[in-house]
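These notes are about the structure you will find just below.
Model, not experiment: these values are computed from the prediction.
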Amino acid sequence: MRKLCVALLVVASCGLMAQLPSTEPPAEVKKFDWMIGKWKGAGSMALQGMEMSFTTEMTNSYEGQFLKSVSTIDYGMIQVTETMFTGFDPGKGEYFSYAFTNMAPKPRIEFGKLDGETLVMVSEPWEIMGQSISSRATMKKTSDTKARFVVEFKMGDAWEKATDMELSKEG
């Protein structure tokens with residue numbers, strides 16, 4: 001009787017396992033396979049008359065159904081760290097991301113679309129250093145080892161470009 005119960009439990013478990021959702025990234029997220037690995041770049045941030053040079057490093061990997069990006073931006077006197085998870089909402093047909101940074105008490109939440117090799121993500125208003133701001137990030141694949149990255153901030157009714165840089169993949 002015990003063997004029969006164990007056998008039934010194994011069969012039932014196999015049936016349940018077959019019905020579990022996939023923990024792999026969906027096809028829409030796998031479109032970013034080319035981003036997996038380590039990236040470096042340098043540039044400057046220009047905003048409201050101030051300009052600061054920086055270097056940046058970013059490592060991309062998959063974690064479950066998400067693209068995970070861990071980055072550091074070094075402005076010399078200040079270092080910004082960020083961990084971002086990007087996924088895809090099939091019901092809305094759009095990408096979303098949640099970014100956690102040492103400069104903000106809450107995550108930055110973004111939504112966007114991929115058009116060919118260009119991903120444009122627009123944030124909900126988020127708090128950074130005591131100010132509420134909306135941002136737009138545009139990433140364009142320019143080759144298998146290079147990408148252009150533009151960050152803009154909403155100022156009134158217009159978008160003001162803060163950063164335009166090229167990232168290069170290592171290795």
* **4.5 Å side-chain heavy-atom contact, Met139 and Met35** => yes
* Structure fact -> Gln65 and Pro26 have their tightest heavy-atom pair at O-CD, 3.5 Å
* Asked: Quick one: does Glu63's side chain get under 4.5 Å of Phe85's, heavy atoms only?
  -> yes
* Asked: Between Trp39 and Ala147, which heavy-atom pair has the shortest distance, and what is it?
  -> CZ3-N, 4.0 Å
* To do: Drop me the distance from Ser134's OG to Glu110's CD, to the nearest 0.5 angstrom.
  => 10.5 Å
* To do: Go through Val80 and Tyr75 one step at a time and tell me if the side chain to side chain contact (heavy atoms under 4.5 Å, CB included) criterion holds.
  => CA-CA 8 Å; Val80 178; Tyr75 290 99; 3.9 Å; yes
* Quick one: do Met165 and Ile73 end up in the same hydrophobic cluster if we chain Ile, Leu, Val, Met, Phe, Trp and Tyr together by side-chain heavy atoms under 4.5 Å apart? -> yes
* Leu67 and Phe88, any side-chain heavy atoms less than 4.5 Å apart -> no
* For Thr86 against Ser97, the heavy-atom pair lying closest together -> OG1-CB, 3.6 Å
* Asked: Ignoring hydrogens and geometry, is there a side-chain-to-backbone donor-acceptor pair from Asn102 to Gln79 under 3.5 Å?
  -> yes
* Asked: Just how far is it from atom OG of Ser44 to atom CZ of Phe54, taken to the nearest 0.5 Å?
  -> 6.5 Å
* With a cut-off of 6.0 Å (strictly less than), are more than 12 heavy atoms of other residues, nucleotides or ligands near NZ of Lys140? -> no
* Is it possible for you to say whether Phe149 and Phe153 belong to one hydrophobic cluster, with membership spreading through side-chain heavy-atom contacts below 4.5 Å? => yes
* Look only at the side chain of Tyr62 and the backbone of Asp33, and say whether a donor-acceptor pair between them is shorter than 3.5 Å. => yes
* Does a salt bridge link Lys113 with Glu94, judged by any charged N lying under 4.0 Å from a carboxylate O? -> no
* To do: Answer yes or no: is there a donor N or O on one side and an acceptor on the other, between the side chain of Thr81 and the main chain of Thr72, under 3.5 Å?
  => no
* Cation-pi geometry met for Lys92 and Phe111 (6.0 Å, 45°) -> yes
* Indicate whether the side chain of Asp74 and that of Thr55 have a donor and an acceptor atom separated by less than 3.5 Å. => no
* About how many Å separate OG of Ser135 and CH2 of Trp159, when rounded to the nearest 0.5 Å? -> 6.5 Å
* **Exercise: identify the closest heavy-atom pair between Pro25 and Lys30** => O-CG, 3.6 Å
* Arg136 (side chain) donor-acceptor with Val120 (main chain) under 3.5 angstrom -> no
* Asked: For the hydrophobic clusters of this structure (ILVMFWY residues joined by side-chain heavy atoms under 4.5 Å, transitively), does one cluster hold both Trp126 and Phe100?
  -> no
* May I ask you to say whether Glu170 pairs ionically with Lys38, meaning some side-chain N is under 4.0 Å from a carboxylate O? => no
* Test item: Met103 and Ile78 side chains (from C-beta on) under 4.5 Å apart, heavy atoms -> yes
* Asked: Got a second to check how far Lys68's NZ is from Thr83's OG1, nearest 0.5 Å?
  -> 6.0 Å
* Student check: side-chain heavy atoms of Val150 and Lys161 closer than 4.5 Å -> yes
* Distance-only, no hydrogens or angles: does the Ser143 side chain make a donor-acceptor pair with backbone N or O of Lys146 under 3.5 Å? -> yes
* Structure fact -> Between Trp34 and Lys169 the two heavy atoms that sit nearest each other are O-NZ, 3.0 Å
* Find the distance between CG (Leu167) and OG1 (Thr142) and round it off to the nearest 0.5 Å. => 9.0 Å
* Would Asp144 and Lys141 pass as an ion pair if we require N to O under 4.0 Å? -> yes
* **Exercise: identify the closest heavy-atom pair between Glu127 and Ala104** => O-CB, 3.0 Å
* Asked: Are side-chain heavy atoms of Phe66 and Phe96 found at a separation under 4.5 Å?
  -> yes
* To do: Determine whether Met45 and Met84 fall in the same hydrophobic cluster, where Ile, Leu, Val, Met, Phe, Trp and Tyr are linked whenever their side-chain heavy atoms lie under 4.5 Å apart.
  => no
* Taking the side chain as C-beta and beyond, is there a heavy-atom pair between Arg108 and Glu82 under 4.5 Å? -> yes
* **Inter-residue atom distance Met52.CE - Thr163.OG1, 0.5 Å rounding** => 9.5 Å
* To do: Answer yes or no: is there a side-chain heavy-atom contact under 4.5 Å between Lys31 and Leu114?
  => yes
* Asked: Taking the six-membered ring for Trp, are Phe32 and Tyr95 ring centroids under 6.0 Å apart?
  -> yes
